[in-house]
Amino acid sequence: MQSNQSNTAAQPQLSFWQVWNVSFGFLGVQFGFALQNANISRILSDLGADLHSLALFWLVAPIMGLIVQPLVGSASDRTWNRVGRRKPFILAGAFAAALGMYLMPNAPLFVAFMAPMLFGAMMLALMDASFNVCFQPFRALVSDMVPANQRNVGYSVQSLLINIGAVVGSILPFVLTNVVGLENTAKAGEVAPSVTWAFYIGASVLLGTVLWTVIRTKEYPPKDYYRYKGLDAEKVEQELALAKKKSLGERLANFFDLVIKMPKTMRQLAVVQFFSWFALYIMWVYTNPAITQYIWGIEPKWFDPDFLNSLAEVPAHILTAKGAAGDWVGILFAAYSLFAALFSIVLAKLANKYGRKLIYSASLLLGGASYISFLFFQNPEPTVVNLFITQVEVPLGALNLFIPMIGVGIAWAAILAMPYAMLAGSLPASKTGVYMGIFNFTIAAPQIASGILSGWILSAVFDNHAIYILIMAGVSMMLGGLAVFLVKENETRVAS
């Protein structure tokens, strides 16, 4: 389709607070997502999962993304109603995600119907499907509402809000334990009270922030949107009407045709995404057992359900160490999210000055080196840490892990913003949603590969010593940094 230049109008510039409101709901969605990332391995381990199966349970997340995001992206491209174009999906996803968050910690209550671990896996699937229903339309909403010359700012604000949510969500169980006084240990088959209440609070924050975006953001009506994007409204409406009449087989054929004809920039970014997200998946799944073993000195056998079931009772010092390490993982994840949020403030300026590719590549290389540096922080010497809200005693090696979290945070900020900023200019305006959904393949596929391979590698190659799987993640991230230089950007927005 050719753009109708006579009907093209300049898209309105947004104030900072308008850009903020468009993305504000991402804070709550990421709040919930951060709680999941920092605590799901802990929850599933408490419910009976071993180290090898953890990676397989986590496969639910990318599989849900692979299925849900393209469908939601395509549907939101065709949806125009009184609520909006993207907002109906964002709202529905938020309510479903909150339901999963309320139910997930209560898996032991459903033991009469099914095994708690199975119920936990089902709620993980519900949460991940719902998070994906939110994520994709949110990204498309930014692309819809923010004009091209504000794109770096738009995605940087989105990254900032994502990381504010991640910081608070990650530290919440630690705060509930060390400030409020809730218990952070759990018997086999149960979930720690601090984690349970953190999920309740996270679900409420998610709903509140998403409602803010839905209420405060007014999406453009179809004719204005088409005009701002240089599209012929009548031709687009005709195409949408024809699309509705097509059979499921024809729609699938059209979808696969879009995949085959995806912009070259998307193909090149897919290589970078593979190495980046392969590494991130490993970090989310195995940071908890890695630092529990490597820094708190807990042997791998204490993560083996068969061994634990052979005991009359798990020693108190093992439960205490696992609880302390689990809380500290939340602090570390909050730290990298905080560093990511701070870096997001200057990310757009750096990208504008030095180029997106250079900043993106340097960020990934630093992140990979930071993973590898975990090897140098094993010191078990107890030290008291003042976290302003409370004091806590942890091994010195655990405290020093704040150093590599700087690099991990910088890499995370770049991963959240740069691929989308580099991609947006090469996408057809009428198919932004479906292509953003297809681009999620480049996030889901490497995580699926990582989930299938990493558990086997951990047990067969590294004898369940989880620190070494993090080193492998560092190598993968650095390969992603080198692959950035293969990407060629298209700065011209495609009309169709």
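Because the structure is predicted, anything quoted here is derived from the model rather than measured. We number each residue from 1, following the sequence as shown.
In this structure, CG in Leu470 is found 12.0 Å from OG in Ser370, a value given to the nearest 0.5 Å. Note that CG of Leu482 and CZ of Phe275 are 9.5 Å apart. Values are rounded to the nearest 0.5 Å. To the nearest 0.5 Å, atoms OG (Ser361) and CE (Met478) are separated by 9.5 Å. Interatomic distance, Thr209 OG1 to Ile164 CD1, rounded to the nearest 0.5 Å: 11.5 Å. One finds the CZ atom of Arg356 at 10.0 Å from the CG atom of Leu347 (value rounded to the nearest 0.5 Å). The CE atom of Met477 lies 10.0 Å from the CD1 atom of Ile282; values are rounded to the nearest 0.5 Å.
Taking the side chain as every heavy atom from C-beta outward, Leu364 and Ile415 approach each other to under 4.5 Å. Looking at heavy atoms from C-beta onward, Asn37 lies out of side-chain contact with Met283 at the 4.5 angstrom threshold. Considering only heavy atoms from C-beta on, Ile403 comes within 4.5 Å of Phe377 through its side chain. Here the side chains of Leu160 and Ile345 are in contact, with some heavy-atom distance below 4.5 Å. A heavy-atom distance below 4.5 Å is not found between the side chains of Gln18 and Thr217. Side-chain contact check for Phe57 versus Ile40: every heavy-atom pair is 4.5 Å or farther apart. Inter-residue side-chain proximity for Phe339 and Met405 is flagged as met; some heavy-atom pair is nearer than 4.5 Å. Between Ile443 and Gln273 the shortest side-chain heavy-atom distance falls below 4.5 Å.
Judged purely by atom type and a 3.5 angstrom limit, Tyr294 has no side-chain atom pairing as donor or acceptor with the backbone of His465. Put simply, the side chain of Tyr281 gets close to the backbone of Leu59: a donor and an acceptor are under 3.5 Å apart. Side-chain atoms of Gln150 never come within 3.5 Å of backbone atoms of Gln13 as a donor-acceptor pair (strictly under, hydrogens ignored). Side chain of Ser130 to main chain of Leu126: a donor-acceptor pair is present (N/O by atom type, distance under 3.5 Å, no hydrogens or angles). Side-chain N or O atoms of Gln30 include none that pairs as donor or acceptor with a backbone N or O of Leu161 at under 3.5 Å. Proximity of a side-chain donor or acceptor of Gln293 to a complementary backbone N or O of Ala290 within less than 3.5 Å is not detected. Not one N or O on the side chain of Ser363 forms a donor-acceptor pair closer than 3.5 Å with the backbone of Ala411. Using modelled atom types, one side-chain atom of Ser459 and one backbone atom of Trp456 make a donor-acceptor pair closer than 3.5 Å. The backbone N or O of Tyr220 sits nowhere less than 3.5 Å from a side-chain atom of Asp224 that would complete a donor-acceptor pair. Looking only at distances, no side-chain donor or acceptor of Ser373 sits under 3.5 Å from a matching main-chain atom of Pro404.
Using a 3.5 Å distance cut-off with no hydrogens or angles, the side chains of Tyr225 and Arg85 do pair a donor with an acceptor. Between the side chains of Asp128 and Gln36, at least one donor-acceptor pair of N or O atoms lies under 3.5 Å. Side-chain contact of Thr442 with Trp277: a donor-acceptor pair under 3.5 Å is absent, judged by distance alone.
Across all their heavy atoms, Gly474 and Ile372 have their closest contact at CA-CG1, 4.0 Å. The nearest pair of heavy atoms linking Ala414 to Pro419 is O-CD, 3.2 Å. Taking every heavy atom of both residues into account, Val142 and Ser23 meet most closely at CG2-OG, 3.5 Å. When all heavy atoms are compared, the tightest approach of Leu423 to Met266 is CD1-CB, 3.7 Å. Closest approach of Gly451 and Ala55 over heavy atoms only: O-CB, 3.5 Å. Summarising the geometry of Ile469 relative to Leu458, their closest heavy-atom pair is CD1-N, 4.1 Å, with the distance given to 0.1 Å.
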Worked verdict on Ile471 versus Leu375 for side-chain contact (heavy atoms from CB on, under 4.5 Å): CA-CA 8 Å; Ile471 308 310; Leu375 275 174; 3.6 Å; yes
Evaluation steps, side-chain contact (heavy atoms from CB on, under 4.5 Å), between Ile457 and Phe462: CA-CA 7 Å; Ile457 293 171; Phe462 299 134; 3.6 Å; yes
Criterion side-chain contact (heavy atoms from CB on, under 4.5 Å) on Lys357 and Val272, from CA distance to verdict: CA-CA 11 Å; Lys357 287 170 66 172; Val272 182; over 6 Å; no
side-chain contact (heavy atoms from CB on, under 4.5 Å) between Leu479 and Phe278, worked out: CA-CA 11 Å; Leu479 290 173; Phe278 190 95; over 6 Å; no
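Around the CZ atom of Arg216, the shell of radius 6.0 Å holds no more than 12 heavy atoms that belong to other residues, nucleotides or ligands. Annotation: Phe485, atom CZ; neighbour count of heavy atoms from other residues, nucleotides and ligands within 6.0 Å is above 12. Surrounding CZ of Phe274 are more than 12 heavy atoms belonging to other residues, nucleotides or ligands, all under 6.0 Å away.
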Determine all donor-acceptor pairs shorter than 3.5 Å in which one atom belongs to a side chain in residues 329-338; sequence neighbours excluded.
{"residue": "Tyr336", "atom": "OH", "partner": "Trp284", "partner atom": "NE1", "Å": "3.1"}
{"residue": "Ser337", "atom": "OG", "partner": "Phe333", "partner atom": "O", "Å": "2.9"}

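Note: Trp328 and Phe402 meet the aromatic proximity criterion, with ring centroids under 6.0 Å apart.
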